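Down below is the structure, laid out as structure tokens.
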Amino acid sequence: MKLSKKLLLIIISFFSLALCVLASLAFGARFVSFNEVLNTLIHSRMTTINEIVVHERIPRTVFGIIAGGALGVSGALMQSITRNPIADPSILGVNTGATLFVVGGIAFLGINSPEEYIFLALIGAAITAVFVYGIGSMGPGGATPIKLALAGAAISAALSSLVSAIIMPREQVMNAVRFWQVGSISGATWEGIVTVLPFLIIGLLLGLIVTPALDALAMGDDIATGLGVRVGTVRLIGAMSGVLLCGAITALAGPIGFVGLMVPHTMRLICGPNLRWIVPMSALGGAILLTLSDVLGRLIGSPGELEVGIVTAFIGAPILIMIAIRAKGRTL
């Protein structure tokens, strides 16, 4: 893809994100016109009900952008590390591991603060990632893409059963996590955003640091080693980055699936295999997708709303089927 087309893609993406932000601030249980939204943002007034509504929606919109970007980058890194085009935090079981630890903390430890959620979610995501990679590495051939996907699916199913076993007998826990478990950004607050931001910044910096080495890794471990890349170290840092980004978002928003699958794969088709473009464009594309999905959830579920995790699953399932069909076509 030529540089001019990539620059055009960036401009279109930022314009699309701006439209999604306006829509996120305008649509909901109470509609606010775009003119009122712009006037409220420019003059920062809170004198009318509509202006107050816009200000109340700003944390949700900001968190949607941050969460979508983090999940997009996490998916791009996991696909690169595993050399698997269908790898993402949900398919590899990382989301489910974070969910299990958070639900367990709510049920047995009585946690109720964002800091505790994040701490347990990161531990659960990290342990699950190590476990999936360990199982996928067993047997001849090491950690192949198919073995990692199968290991992730099996572990995710097992952990989901444990989550259900913890929740079902405990009505109080069920009420606390039922909306969080399907993935939602409706409860976003400035406090939660500030709490999660340091983990996301560290995860993003680690991802950007290893991006050049991951480009070399895409050519194969032997070639990457010949180019001076420490394969094990690169995979470890990349995995740490993905776990930080995914685990921190899961702690506050719940397990939102398919964003990390759809966006990097789409950007790879548009921009080519260069991760220096895929990673930042995945952040931008993830922000657009999650913000747009949140708006669609409000419109479809009006006067209530449909949780964003449900909307991304509806969008992501057909995408996953198309990816599988294209992959099968190439094999034949």
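A quick note: this is a predicted structure, and the numbers were derived from the prediction, not measured. Because only heavy atoms are used, hydrogens play no part in the values below, and waters and symmetry mates are left out as well, while side chains stay in.
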(message) Can you confirm whether the side chains of Thr291 and Ser24 place a donor and an acceptor under 3.5 Å from each other?
(response)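 Short answer, no.
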
(message) Any donor-acceptor pair under 3.5 Å linking the side-chain atoms of Glu51 with those of Thr47?
(response)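 Indeed, the side chains of Thr47 and Glu51 share at least one donor-acceptor pair under 3.5 Å.
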
(message) Rounded to the nearest 0.5 Å, what separates atom OG1 in Thr195 from atom CG in Leu252?
(response)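 Here the rounded value is 7.0 Å.
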
(request) Mind checking the CE-CD1 spacing from Met281 to Ile10? Nearest 0.5 Å is all I need. (result)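 So the gap between those two atoms works out to 5.5 Å.
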
In this structure, would [X] and [Y] fall into the same cluster of hydrophobic residues linked by side-chain contacts under 4.5 Å?
| X | Y | answer |
| --- | --- | --- |
| Leu205 | Ile66 | yes |
| Leu7 | Leu284 | yes |
| Ile315 | Leu19 | no |

(request) State whether the number of non-hydrogen atoms from other residues, nucleotides or ligands found under 6.0 Å of Glu191 atom CD is greater than 12. (result)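 No - once you tally the heavy atoms of other residues, nucleotides and ligands closer than 6.0 Å, there are 12 at most.
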
(request) Flag yes if more than 12 heavy atoms outside Leu109 fall under 6.0 Å of its CG atom; otherwise flag no. (result)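 Buried by this count: over 12 neighbours within 6.0 Å.
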
(request) Could you pull out all residues at least two apart from Leu8 that satisfy side-chain contact (heavy atoms from CB on, under 4.5 Å)? (result)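 If we apply the side-chain contact (heavy atoms from CB on, under 4.5 Å) test to Leu8, skipping adjacent residues, the hits are Ile12.
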
(message) Just to verify, what does Leu244 make a side-chain contact (heavy atoms from CB on, under 4.5 Å) with, not counting sequence neighbours?
(response)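 Testing Leu244 for side-chain contact (heavy atoms from CB on, under 4.5 Å), a comparison that skips the adjacent residues, returns Leu122, Phe199, Ile202, Leu206.
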
Give me the atom names and distance for the closest heavy-atom approach of [X] to [Y].
| X | Y | value |
| --- | --- | --- |
| Ile278 | Pro264 | CG2-O, 4.3 Å |
| Val263 | Ser282 | CG1-O, 3.4 Å |
| Ala213 | Val229 | CB-CG1, 4.1 Å |
| Ser293 | Thr312 | OG-CG2, 3.6 Å |
| Ala98 | Ala121 | CB-O, 3.5 Å |
| Gly207 | Ser241 | N-OG, 3.3 Å |

(request) Could you list all the ring-ring contact (aromatic ring centres under 6.0 Å, His included) pairs where at least one residue sits in residues 17-59, not counting sequence neighbours? (result)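 Only Phe27-Phe31 qualify under ring-ring contact (aromatic ring centres under 6.0 Å, His included).
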
(message) For Glu305, is there an ion pair with Arg60 - N to carboxylate O distance below 4.0 angstrom?
(response)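 Glu305 and Arg60: salt-bridged.
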
